[in-house]
Amino acid sequence: GEDVEQSLFLSVREGDSSVINCTYTDSSSTYLYWYKQEPGAGLQLLTYIFSNMDMKQDQRLTVLLNKKDKHLSLRIADTQTGDSAIYFCAESIQTGANNLFFGTGTRLTVIP
Amino acid sequence: NAGVMQNPRHLVRRRGQEARLRCSPMKGHSHVYWYRQLPEEGLKFMVYLQKENIIDESGMPKERFSAEFPKEGPSILRIQQVVRGDSAAYFCASSPVGTGDGYTFGSGTRLTVV
């Protein structure tokens with residue numbers, strides 16, 4: 001089945017850049033997503049990228065996709081303490097698919 | 001425009017009782033999805049519904065779990081005869097059409113079975 005992997009923890013200092021990585025196994029992925037989950041809250045969609053793109057930038061967020069290596073990353077510039085959360089990578093494997101496959105999440109801790 | 005509303009936020013049930021989790025999608029959204037998040041894990045898809053129809057229940061356990069999305073009212077995820085292993089956060093999401101630009105998630109219902 002589909003397998004989406006992320007490292008579990010990342011710590012960065014306030015003001016530095018954070019890079020959260022994700023690998024996936026299904027080469028037929030159509031969309032890849034990044035979600036943010038704050039403690040006790042639901043998931044907030046941060047950004048997504050279509051599989052025929054290799055980069056997408058949205059303010060402090062940059063998504064890079066290496067389709068050959070099946071590697072997705074999320075870069076957060078000028079990381080703030082409010083960015084501390086769990087970040088989930090997810091993929092959908094066909095256009096209009098009903099379900100997303102999530103990684104286990106990366107817990108980002110921002111040190112003041 | 002209220003987001004996806006789930007209630008209750010927290011639910012405690014004794015083993016053997018029934019749990020009913022409710023989800024009201026965003027206004028204008030006719031597609032509802034239920035996911036389960038076990039402690040320290042990612043979300044796992046359970047079921048996808050449109051009004052009065054179950055479209056995909058491939059992630060639902062075969063027994064004790066059921067879901068509905070009636071013509072009127074919220075979507076309901078029902079767990080009969082709960083066991084300790086059902087303790088998890090259950091998230092509902094909604095979208096106006098299929099996926100593509102991502103769902104909107106609710107804040108979840110945290111079920112604890114004692």
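As the structure is a prediction and not an experimental result, all values here were calculated from the model. In the text below, chain A, chain B and the rest are named by the order of the sequence lines, each starting its count at 1.
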- Task: Give, as side chain, backbone, both or neither, the part of Gln37(B) having an atom under 4.5 angstrom from any heavy atom of chain A.
- Result: side chain
- Is atom CZ of Arg15(B) surrounded by more than 12 heavy atoms (other residues, nucleotides or ligands) closer than 6.0 Å? no
- Query: Should we count NZ of Lys44(B) as having more than 12 external heavy atoms under 6.0 Å?
  - Reply: no
- Just jot down the side-chain hydrogen bond (donor to acceptor under 3.5 Å, both in side chains) partners of Ser58(B), sequence neighbours excluded, or say none. Asp56(B)
- With sequence neighbours left out, the residues meeting side-chain hydrogen bond (donor to acceptor under 3.5 Å, both in side chains) with Gln6(A) are Thr106(A)
- Of Phe88(A), Phe102(A), Tyr35(A), which meets ring-ring contact (aromatic ring centres under 6.0 Å, His included) against Tyr35(B)? Phe102(A)
- Of the listed residues (Arg107(A), Gln44(A), Gln37(A)), which shares the most heavy-atom pairs with chain B below a 4.5 Å separation? Gln37(A)
- Query: Nearest heavy-atom pair of Tyr103(B) and Leu45(A): which atoms, and what distance?
  - Reply: O-CB, 4.4 Å
